[in-house]
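Heads up, the thing below is written out as structure tokens.
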Amino acid sequence: ALSRPRITLNRVPYFCSGCPHNTSTKVPEGSRATAGIGCHVMAIWMDRSTSTYTHMGAEGVPWIGQAPFTKTKHMFANLGDGTYYHSGILAIRAAVAANVNITYKILYNDAVAMTGGQPVDGPISPALIAQQCAAEGVKKVVVVSDEPSKYPSGYFASGIEIHHRDELDRVQRTLRDTPGCTILLYDQTCAAEKRRRRKRGKYPDPAKRVVINELVCEGCGDCGVKSNCVSVAPVETEFGRKRTIDQSSCNKDYSCVKGFCPSFVTVEGGSLRKPQKADAADFSRLPEPTPAQTTEPYGILVTGIGGTGVVTIGALLGMAAHLEGKGVSVLDMTGLAQKNGSVVSHVRIADRPDQLHATRIAAGEAKLVLACDILTSVGYEAAAKMQRGVTKALVNTALVMPADFTRNADLEFPRGSMEHEIRDAVAPGDAEFLDATTLATGLMGDSIATNLFMVGYAFQRGLIPLSEASILRAVELNGAAVESNKQSFRWGRLAALEPERVLNAAIPQDKPDSQRLSTSLDEVIARRAEFLTGYQDAAYARRYTAFVARVRAAETQKLPGKTALTEAIARYYFKLLAIKDEYEVARLYTDGEFTKRVAAQFEGDYKLKFHLAPPLTNKPDPTTGEPRKSSYGPWMMGAFRVLARMKGLRGTAFDVFGRTAERKLERALIADYESLIDELLPRLGAHNHTLAVELASIPEHIRGYGHVKERHLKAAKAKEAELIAAFRAAKPAPASVERVAA
Ligand code: SF4
Ligand code: SF4
């Protein structure tokens, strides 16, 4: 398996959803930062102008030696609260003594986060850190928090500024211009720790969740950039890739709401709807499988994403084997990977302990690869353990993007190639694929159920050499979410026997129409014509269909059998026509589809809050110059209804919104596109067909709202200019060559 070229996509460790580092490690444009070996070291492989790291306690110290010999005037240094307490304070003291221009960014996240949320040693609090740093002689201490209002009056010593994290950029600009050593104390609790404490009822759990109106979403990726959050996930729809919030992993940090678009809504009050069908199944008649034998050591390689319970699966299997008196070893390969990286657990089980001479599964020796994440299972560590005739692979094919997706909205998840690699690594018929995450989440209401579901599936296939009783007893001894883990295991068993039944129970029958992809060109056109009728009227839809029909006739005449250009125009001419102006956004909130989706996801007494930046009343951010979003209560739905009814004003003298520069530009884009296609059609031939399709697809890259759209437009126009030049320069092959080629 290793001799083939590897898939280049990697699951690189990354900050957790809602992690304070997602925001705290940002630096203003033109600045640089350094790291230590805490979680913030991961900023090095993000777009955070952060490079180099030191051992704990020396954060920022190399700058003392570098500062006199460089033109760089200032440096930021990240430092964790635990490190601060045991040794980092000495680094700060050294920086004060050397009088270098440095700002220590101390994250007070209230836990030793990287190693699993142990308490920080010693008495420590934001007030004490601020006071101690001031006493060390730093020039300035500024506190930044997600909840600045939480501090009682007089909590901090006088002279210490307190700001909301929304002002981080401005605060950092001030600090970098302050000579000497300064402190930015960023106070926000570790997201993983919050999740743990919330489960135990020891931390407030706000009844507030974020949802995205997928039809309003433009797929621009700005929410990923702003939040750096891996819970902002892709959803593939008829109208392109949009965003959704993975409610299972979301830690309620709300940074994604800053994504510059009107798609974000917070659902306040109520709770996530519990799946109804999960309790209804009867598992009593599941036939007992014949389990695999352990007369020889039996190796199970569990692969998955850090933070989703891969290590727990290894531990459960280990405990179950121990309960049966078998020999067992469990070896986890995790480290930093426990933060969204590729985690692998080697489980080896034998009848007797003395049969096990190594804890690691040797190359080609895995009897079962329990691939809870397909991407991890094509990595080096997992691929090396597969062998034809030896290994059976059970693979979860769920689309769970690696964290690079936060910054690369077009990242591809090559599911087909990955499946092919695994099929090729084992004997024909020995690899089985299923979207376990979608099934388990649909059944249990939380994607954390996935891995136990996979164990149940493998068990029913006879691939786990243990009894159900010992596995379930291990679940009980583990003590966490016992009933739901048992239920997930049983659903997995049932899925192996009756996949259709489980699929029907897991997937809602009334899936949103936009998530059903068209299967023919005619359908692509018809659905968009219908959409445009709702957008404006039948005449507007006819403008669309007539233009597409003209392209189709030309393409058929010049290149019989080809439809790629027509398809591109059917999709992207539509995209340009369906401008998401104020009337349209209002329509997409009030046509019933959005509220239906929210009601399918939430129950109880909830209210909707909208996060918008209305163009006529917006005040730009004084530091960045970008428009700012504000929150609007449920009354906004009424305003949307009025606005949606006013769509007839669109394009008339009474269209106040239509006079903004953004709307004028969007209308100009339609006219430009029509003329561009008019130029392409008469010259269309086999020699320039691909270029024509690429040109017609350019609007795919013009995404987002306001300044985000402007940025994308600039890049798209540069690409378009290149393609136009190439199209104009392309010449048909000489007739004789064409004959030879034919
Ligand atoms: S429009 Fe952009 S910022 Fe808004 S939800 Fe979609 S991808 Fe995120
Ligand atoms: S609210 Fe948004 S930013 Fe916060 S954890 Fe959830 S998805 Fe991530």
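Order of listing sets the numbers, starting from 1, for every ligand and every atom in it.
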the protein heavy atom lying closest to atom 6 (Fe) of ligand 1 turns out to be Cys217 SG, 2.3 Å
Which class fits the ring pair Tyr535 and Tyr540: parallel under 30°, tilted 30 to 60°, perpendicular over 60°? parallel
Strictly under 4.0 Å, does any heavy atom of Gly221 approach an atom of ligand 1?
yes
Ligand 2 to Ser255, heavy atom cutoff 4.0 Å, flagged ligand atoms 3 (S)
So the atoms of ligand 1 within less than 4.0 Å of a heavy atom of Phe264 turn out to be 4 (Fe), 5 (S)
### Query
Got a donor-acceptor contact below 3.5 angstrom from the Asn213 side chain to the Leu588 backbone?
yes
Flag, side chain of Arg241 to backbone of Ala409, donor-acceptor distance under 3.5 Å: yes
Check your understanding: Between Tyr705 and Cys220, is there a donor-acceptor pair closer than 3.5 Å when you use the side chain of the first and the backbone of the second?
Key -> no
Counting only N and O atoms by type, is there a donor-acceptor contact under 3.5 Å from the side chain of Trp45 to the main-chain atoms of Pro13?
-> yes
### Task
Please tell me if the side chains of Phe640 and Arg587 come closer than 4.5 Å, counting only heavy atoms from C-beta onward.
no
Near Gly18 (heavy-atom distance under 4.0 Å), the atoms of ligand 2 are 5 (S)
For Ser231, the atoms of ligand 2 under 4.0 Å from one of its heavy atoms are 7 (S)
Ring centroids only, cut at 6.0 angstrom: are Phe574 and Phe239 within range, meaning strictly under it? yes
Honestly, for Cys229 the part within reach of ligand 2 (heavy atoms, under 4.0 Å) is side chain
I'd like to know: is atom 6 (Fe) of ligand 1 within the 2.8 Å range of an N/O/S atom from Cys220, strictly under that distance?
no
Note: Cys223, heavy atoms under 4.0 Å from ligand 1, region reported as both
Does the gap between the ring centers of Tyr186 and Tyr108 come in under 6.0 Å? no
So, 2.8 Å as the limit: is an N/O/S atom of Cys256 located closer than that to atom 2 (Fe) of ligand 2? yes
Quick note on ligand 1: atoms under 4.0 Å from a heavy atom of Cys261 include exactly 1 (S), 3 (S), 4 (Fe), 5 (S)
of all protein heavy atoms, closest to atom 1 (S) of ligand 2 is Tyr254 N, 3.2 Å
At under 4.0 Å between heavy atoms, what of Asp253 touches ligand 2? The answer is both
CG (Asp581) and CZ (Arg667) are apart, to the nearest 0.5 Å, by 9.0 Å
Under 3.5 Å donor-acceptor, Lys647 side chain and Gly534 backbone = yes
Val210 heavy atoms within 4.0 Å reach ligand 2 at atoms 1 (S)
Closest to atom 5 (S) of ligand 2 (heavy atoms only, candidates Thr266, Asn251, Thr244) is Asn251
